[in-house]
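Just so you know, these numbers use all the heavy atoms, side chains as well, and skip hydrogens, waters and symmetry mates. Lettering follows sequence order; numbering is per chain, from 1.
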Protein chains: 2
Amino acid sequence: MPQKPSTHIKKYSRQRELVLNILRSTKSHPTAEWIYNQAKEKMPHISLGTVYRNLNVLRDEGSIQEIYINENVRRYDGDVRDHYHVRCVLCGCIEDITNMPSPMTMGELQSITDFKILGYRLEFLGICKACQSSTADDDFGG
Amino acid sequence: MPQKPSTHIKKYSRQRELVLNILRSTKSHPTAEWIYNQAKEKMPHISLGTVYRNLNVLRDEGSIQEIYINENVRRYDGDVRDHYHVRCVLCGCIEDITNMPSPMTMGELQSITDFKILGYRLEFLGICKACQSSTADDDFGG
DNA sequence: CTAACTGCAAAGTTTTTGCAATTGC
DNA sequence: GCAATTGCAAAAACTTTGCAGTTAG
């Protein structure tokens with residue numbers, strides 16, 4: 001979630017470059033902790049706080065993506081039917097989208113909600129190859 | 001994220017019923033904290049731990065939905081282009097989906113990934129009515 | 001120079017857990 | 001009764017922040 005545009009002049013930092021390079025050279029969608037561990041191999045004194053700070057800077061300037069969520073808290077929904085949500089990137093409020101036309105377009109979407117739509121995020125849930133074979137005995141009902 | 005199917009016999013609990021009722025009677029997609037505060041009005045001695053425990057039980061039995069994420073950690077992606085992710089509900093690993101056919105169906109999706117697809121979650125990002133008017137001066141580039 | 005940045009450690013937030021007491025079946 | 005559940009408080013997990021020292025421009 002882009003914070004307010006930073007007002008200060010950005011300086012080069014070896015640490016920030018390292019974090020970005022690590023992230024650019026993996027397809028593993030890592031956590032901050034993982035990035036920190038990688039970074040320590042090249043720069044043993046880098047701190048976890050610095051990694052977090054730089055991840056936030058890089059995210060705010062659009063150089064990297066924070067996947068899924070920009071909030072720390074979980075939210076719950078008493079309605080378990082499949083339905084879509086729209087979330088405000090400013091205040092974090094969440095509303096339901098009902099009557100979704102099947103092949104949605106941004107334009108169509110715009111017409112069924114009050115929100116100004118900036119984009120969407122689609123996440124698939126499934127079981128990876130590795131887990132499929134290690135749990136062949138379990139039932140995942142799908 | 002459904003945990004392993006619980007093996008023990010579930011008992012009725014007033015607290016669990018209350019949590020479920022609170023969740024069923026709002027459209028606000030609340031946080032655990034909010035639910036806890038509501039619950040205290042009816043049951044002053046209920047504890048936050050109990051609310052969390054019951055939210056997890058209810059989610060595991062499929063009575064409620066946890067929105068967006070079942071993980072606490074943020075994950076980062078060096079690729080900022082729009083693309084889809086597929087996440088393993090068991091180990092939590094995340095992979096990219098490329099070459100996504102435009103009108104995707106579960107069947108089509110199944111054919112382009114190794115994952116056993118259980119479902120997907122679509123989240124729209126936007127700016128709600130209230131925030132639009134309170135920030136008419138800002139530019140959200142969309 | 002000086003403001004951005006860092007490392008470190010402490011604090012903040014959200015969620016989980018251990019334990020003794022309680023309660024549903 | 002006995003195991004599931006609870007309240008409480010402590011701990012765990014993740015992220016942010018205050019501060020004094022360092023560094024890029």
Evaluate the side-chain hydrogen bond (donor to acceptor under 3.5 Å, both in side chains) criterion for residues S63(B) and E61(B): first the C-alpha distance (whole Å), next the side-chain angles of each, then the deciding distance (0.1 Å), finally the verdict.
-> CA-CA 6 Å; S63(B) 299; E61(B) 74 185 24; 2.7 Å; yes

Nearest-angstrom distance from the residue atom CG of N54(A) to C1' of dA4(C) | 11 Å

Can you tell me how far CG of L55(B) sits from CD1 of I35(B), rounded to the nearest 0.5 angstrom?
-> 4.5 Å

Output yes when at least one side-chain N/O atom of Q15(B) is less than 4.0 Å from OP1 or OP2 of dT23(C), else no.
-> no

Indicate, with a heavy-atom threshold strictly under 4.0 Å, whether I46(A) touches base, sugar-phosphate, or nothing.
-> sugar-phosphate

For Y36(B) and dA9(D), give me the distance from atom OH to atom P, rounded to whole Å.
-> 10 Å

Separation of L58(B) atom CG from dA4(D) atom P, in whole Å?
-> 17 Å

Between CE of M43(B) and P of dT5(D) the distance, given in whole Å, is 14 Å

Kindly say if R16(B) contacts the phosphate of dT5(D), meaning a side-chain N or O under 4.0 Å from OP1 or OP2.
-> yes

Point-to-point distance, once rounded to the nearest 0.5 Å, from CD of Q15(B) to NZ of K42(B) = 14.0 Å

What nucleic acid atoms does Y52(B) come within less than 4.0 Å of, heavy atoms only: base, sugar-phosphate, or nothing?
-> base

Between atom CG in L18(A) and atom C1' in dT23(D), what is the gap in whole Å?
-> 17 Å

Among the candidates dT15(C), dT15(D), dC25(C), find the nucleotide nearest to the side-chain atoms of A32(B).
-> dT15(C)

Under 4.0 angstrom between S13(B) side-chain N/O and dT6(D) OP1 or OP2 | yes

For dT15(D), does either OP1 or OP2 sit under 4.0 Å from a side-chain N or O belonging to N56(A)?
-> no

Ignoring backbone atoms, establish whether H8(A) has a side-chain N or O less than 4.0 Å from OP1 or OP2 of dA4(C).
-> yes

Rounded to the nearest 0.5 Å, the CD1 atom of I22(B) sits from the OH atom of Y36(B) at a distance of 12.0 Å

R14(A) CZ to dT22(D) P, in whole Å, measures 15 Å

Give a yes/no answer on whether the side chain of S47(A) brings an N or O atom under 4.0 Å of OP1 or OP2 in dT6(C).
-> no

Nearest-nucleotide wise, let me know which of Y12(B) and E33(B) is further upstream toward the 5' end of DNA chain C.
-> E33(B)

Short side-chain donor-acceptor distance under 3.5 Å, N56(B) and R59(B) = yes

Separation of atom CZ in R53(A) from atom C1' in dA11(C), rounded to whole Å = 14 Å

To the nearest angstrom, how far is W34(A) atom CH2 from dT15(D) atom C1'?
-> 20 Å

Report yes if a donor N or O on one partner sits less than 3.5 Å from an acceptor N or O on the other, where the partners are the side chain of K11(A) and the base of dA3(C); otherwise report no.
-> yes

